[in-house]
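Accompanying notes for the structure given below.
Below, chains carry the letters A, B, ... as their sequence lines are ordered, and counting in each starts from 1. None of these values were measured; they are calculated from a predicted model.
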Number of protein chains: 2
Amino acid sequence: MDTRKRRLLEALIDDYIATAEPVGSRTLARKYGLGISPATIRNEMADLEELGYLEQPHTSAGRVPSDKGYRYYVDEIMRPAILDLEERERIRHAYQVRVRELHWFIHQTARLVSELTQYPSLVVAPPLAQATLSDLSFMPLGADTVLMVLKTSGGMVESQTMLVPDDLDEEKLALLAQDFTREFRGISLEELKDRILDPLQGDINRYQELWQLALKWVTEHDGEEDKVSLAGPLNILNYPEFKDVEKVRRVLGFLERETAVELASRYFSEGVQVVIGAESAFDDIQDCSLVTATYRSGGNVVGHLLVLGPKRMHYNRVTSIVEAVSEELSRVLHG
Amino acid sequence: MDTRKRRLLEALIDDYIATAEPVGSRTLARKYGLGISPATIRNEMADLEELGYLEQPHTSAGRVPSDKGYRYYVDEIMRPAILDLEERERIRHAYQVRVRELHWFIHQTARLVSELTQYPSLVVAPPLAQATLSDLSFMPLGADTVLMVLKTSGGMVESQTMLVPDDLDEEKLALLAQDFTREFRGISLEELKDRILDPLQGDINRYQELWQLALKWVTEHDGEEDKVSLAGPLNILNYPEFKDVEKVRRVLGFLERETAVELASRYFSEGVQVVIGAESAFDDIQDCSLVTATYRSGGNVVGHLLVLGPKRMHYNRVTSIVEAVSEELSRVLHG
DNA sequence: TTTAGCACTCCGCAGAAGAGAGTGCTAACT
DNA sequence: AGTTAGCACTCTCTTCTGCGGAGTGCTAAA
């Protein structure tokens, strides 16, 4: 794999990313100043094909990068994209708002990324189960409803209204919350789950039910729908590889299915990762690529961020964006 | 328009709804026990076409209902569908949970309707601007953040965290909330908007900024994204009229665009309404139909519920479902 | 080692032919 | 007078064929 082959591969992939059409030797010679003739290029391309970096859709069509070709491109060739000032500003200012709710961050991030990349984007919230409880409190709202507010040590806030026995006045609620917080502060919600079945101690037996409810809510809250946010799904319709409705259904279906989210979030390790085509082992997205990143919130509790596009994705732009956004997100979540 | 023509039109529309293929006289004679020959049916169909109820895609194809034909079907012919016991149960139990947040109801409703109808469904929250304030309170969360909780007289709860000046301790916040509530209870959020620019009275001048913030939040909160919920967009991919990606993009784009939502919610009056094809005046959905309904929450504050599908929609099923759901939703929102 | 030339392959498109479905009209039937 | 059978006609959709274009691989020359 000499320098010329590399430059050739780069040019070919760039062209294919731009046009979605198999690239021929003539085109390559004309559009990119490689200083060699089509015939030479043909020889090189034959070599690259033999090495597995290129494929031919059929004899006498141009070449198309193979998964291995993209992989080499991503790992060895591509240079990180430099984002516009405007884009960097946009990322920097994306989170400058008063809101501190987790689902807002998730949602905002997904939208930001899908708009910058022009691909669908999915953001998975850090599993609440791994956060540690900092504070639980109740705010009475009416005769039998309270607002339960959960703060994690990461500074995130989640709240939800719920029905409670109506003999719980404000004082009792405050006491209950105090007890709860004192008892469980600093404990991960994961561990808290185990306490649910424990016999309850102390003088709060009367409100065992509410106590259980609170525990249940706290520990199961991450089963809710705002745990993951999908933005810009329609972006894929702009790419010619998705002119077939069947394919659109498969891919968007994949993104909507929660199973995919869960699997995906377990699948990827820290940092920015690129998964190309068949590398992903999910049938529905065999000819798509993923760019994923993790973000931190407080300790080593991490969430996931994911961009899905055709295999001829703008890998350098997408990885740069995804990296910048995930860093910014980690930063604001930390503060 | 005699009885036979009506029965014919009914059979034809039923068949077209089921098959999406232009219906010929032979098919009609064979599949539906009308007791007349294809030739007679042809005569009748020619009449119906002249009257504007049917159309021919081209000479010598079967007939297809026109907008006017669907309209007549919806208004005069179709009988309301009877829902399964299972479906009725599902509607009845859809809202039996502890949660009382508006966006949860919205979300849940959209999902319920799209799953029952197998079409995309959109639910628009009642504009908060028309709700009246019942109660505003703050819950301190940290040095400089509070959770603002808004209760409307309809019993809905909305909450959001925000940053505040950090010399506001719990007592001052409580006082502020008390003042705010006393001052503005029973006033619609619409009217509240005007107060923002008023010079502030009383002894709370110091916290003018927060006061303004609270007002601003309360009055502008309905600009948020959880005001409207879209569910089941991918359902349209199951219908052959959406095998063209361009069309899919137009229609789903329409559903995602907020302008469409706003226009739509202003466009429709109370009760269950059917809008067929070109009746809607929106370019992007000229060959779709809408079924809409309103729901009440407390007073005459209404939200909207919308199902979108191809013109050959199962009108009777969809209207029945939409009606049942909107009634149930109104009922639970009232309690 | 590179390049020009050339025969070859394969796709995609356009036009033609044929099948199929459905119509409208006419004439016979009840 | 209304209904039906028969039939010619129309139009679409599919299949097939032929052809141009794009691109290749190979050979031979530079």
Only counting residues at least two apart or in another chain, list the ones meeting side chain to side chain donor-acceptor pair (under 3.5 Å) with R4(A). E44(A)
Applying side chain to side chain donor-acceptor pair (under 3.5 Å) to E87(B) and not counting sequence neighbours gives R317(B)
Any side-chain donor paired with an acceptor under 3.5 Å for Y315(A) and S289(A)? yes
Quick test of your reading: applying salt bridge (charged side-chain N to carboxylate O under 4.0 Å, His left out), list the pairs with at least one residue in residues 16-37 of chain B, sequence neighbours left out, ordered by first then second residue. D15(B)-K31(B)
A side-chain contact here means heavy atoms from C-beta on lying under 4.5 Å apart; do L234(B) and R249(A) qualify? no
Please verify the inter-ring angle class for Y119(B) with Y239(B); under 30° counts as parallel, over 60° as perpendicular, anything in between as tilted. parallel
Pick out which of F242(B), F282(B), F254(B) makes a side chain to side chain contact (heavy atoms under 4.5 Å, CB included) with C288(B). F242(B)
Any residue in residues 10-24 of chain B with a heavy atom nearer than 4.0 angstrom to DNA chain D? Just list them by number, or reply none. none
Do D84(B) and R90(B) pass the salt bridge (Lys or Arg N to Asp or Glu O under 4.0 Å) test, and can you show the C-alpha distance, the side-chain angles, and the key distance before you say yes or no? CA-CA 10 Å; D84(B) 283 0; R90(B) 186 135 172 235; over 6 Å; no
Let's see if you get this right: which residues in residues 37-59 of chain B place a heavy atom under 4.0 Å from DNA chain D? S37(B), A39(B), T40(B), R42(B), N43(B), H58(B), T59(B)
Just N and O in the side chain of R4(A): are any of them under 4.0 Å from OP1 or OP2 of dT2(C)? yes
Any L9(A) side-chain heavy atom under 4.5 Å of M1(A) side chain: yes
Contact interval (first through last nucleotide) of DNA chain D with protein chain A, 4.0 Å heavy-atom: dA22(D) to dG25(D)
Would you confirm whether the ring centroid of Y70(A) sits within less than 6.0 angstrom of the ring centroid of Y53(A)? no
